[in-house]
Every structure is written in C-alpha cells, then in structure tokens.
Undergrad: 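The structure that follows is given in the form of structure tokens.
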Amino acid sequence: DTTTGNRWRIDGLAIHPDESIIDLGSNLVNYVINKFGADGVQTFLTSVDIHSDEWLKVFKNAGFRHLCKRYVYFREA
C-alpha cells in the first residue's frame with residue numbers, strides 16, 4: 001500500500017533445486033513476515049502457481065489464505 005505501508009507484496013522467492021522448498025522456503029517466508037511485520041506491515045500478498053504444491057504448502061503453513069484464482073493468458077508472437 002503506497003499510502004500507509006501496511007500491505008506488502010512478495011513478488012518472488014527462488015530456491016536452488018538442490019534445496020528443500022518446504023524447509024528453506026518456509027524459513028524465507030517467515031523471515032520476510034517477521035522482518036517487515038516488525039516495521040509495521042500488516043498484510044502480505046503473493047501469487048503462487050496452482051501446480052506448485054510445495055510453494056502452496058509453504059504459504060499456507062505461514063498463515064496465507066487462498067483469495068482467488070488468477071488466469072493469465074499469453075500468445076506467442
């Protein structure tokens with residue numbers, strides 16, 4: 001939220017393929033929530049690929065809830 005700073009969007013997190021998304025991903029998400037939550041951010045938003053079961057689990061375990069499905073269409077030139 002540009003006016004109050006109470007909302008923050010997590011645009012991307014990446015984990016090396018050799019690492020556990022559940023373990024390291026959970027630690028990263030919790031770090032972001034704790035760090036910026038301490039600075040006054042109250043709401044965090046993100047988008048997760050519906051086919052990414054591990055990332056869906058990470059965000060669900062961190063307290064995120066499903067709000068909607070977003071469809072993205074593209075056409076190759």
Side-chain angles (χ1 to χ4, degrees):
D1 185 327
T2 56
T3 56
T4 63
N6 290 340
R7 285 182 280 188
W8 224 60
R9 178 173 169 78
I10 300 172
D11 284 328
L13 293 173
I15 304 293
H16 190 277
D18 293 341
E19 300 294 332
S20 166
I21 289 175
I22 301 297
D23 294 334
L24 191 54
S26 295
N27 287 336
L28 280 172
V29 170
N30 287 326
Y31 172 79
V32 168
I33 291 169
N34 290 327
K35 164 114 176 77
F36 294 100
D39 292 338
V41 177
Q42 297 174 358
T43 303
F44 293 88
L45 306 169
T46 195
S47 296
V48 179
D49 184 336
I50 196 157
H51 300 293
S52 181
D53 294 333
E54 291 176 306
W55 279 112
L56 289 168
K57 184 175 181 179
V58 165
F59 283 102
K60 183 176 180 181
N61 288 345
F64 283 71
R65 58 191 171 100
H66 179 241
L67 293 177
C68 67
K69 284 186 182 179
R70 184 177 72 166
Y71 296 95
V72 178
Y73 300 96
F74 68 94
R75 184 182 83 169
E76 293 182 23

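Predicted model only: the values in this text are computed from it and were never measured.
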Undergrad: Might you confirm whether atom CG of Leu24 has over 12 heavy atoms from other residues, nucleotides or ligands at distances under 6.0 Å?
TA: yes
Undergrad: Do the rings of Phe64 and Phe59 sit parallel, tilted or perpendicular, given the 30° and 60° boundaries?
TA: perpendicular
Undergrad: Kindly give the heavy-atom pair with the smallest separation between Lys57 and Ile22, and that separation in Å.
TA: CD-CD1, 3.8 Å
Undergrad: If you compare all heavy atoms of Asn30 against all heavy atoms of Ala62, which two are closest, and at what distance to 0.1 Å?
TA: OD1-CB, 4.0 Å
Undergrad: If you look at every heavy atom in Asn6 and Gly40, which pair is closest and at what distance?
TA: OD1-O, 3.5 Å
Undergrad: Would you compute the distance between atom CG of Asn34 and atom CG of Asn27 and round it to the nearest 0.5 angstrom?
TA: 10.5 Å
Undergrad: Evaluate whether atom NE2 of His51 has more than 12 neighbouring non-hydrogen atoms of other residues, nucleotides or ligands under 6.0 angstrom away.
TA: no
Undergrad: Might you point out which heavy atoms bring Val41 and Arg7 nearest each other, and give the distance in Å?
TA: CG1-C, 4.2 Å
Undergrad: If you round to the nearest 0.5 Å, how far is CG of Leu56 from CG of Asn61?
TA: 10.5 Å
Undergrad: Are Val48 and Leu45 linked, directly or through intermediate hydrophobic residues, by side-chain heavy-atom contacts shorter than 4.5 Å (ILVMFWY only)?
TA: no
Undergrad: Taking the side chain as everything from C-beta on, heavy atoms only, tell me whether Asp49 gets closer than 4.5 Å to Trp55.
TA: no
Undergrad: What are the two closest heavy atoms between Val29 and Leu13, and how far apart are they?
TA: CG2-CD1, 3.5 Å
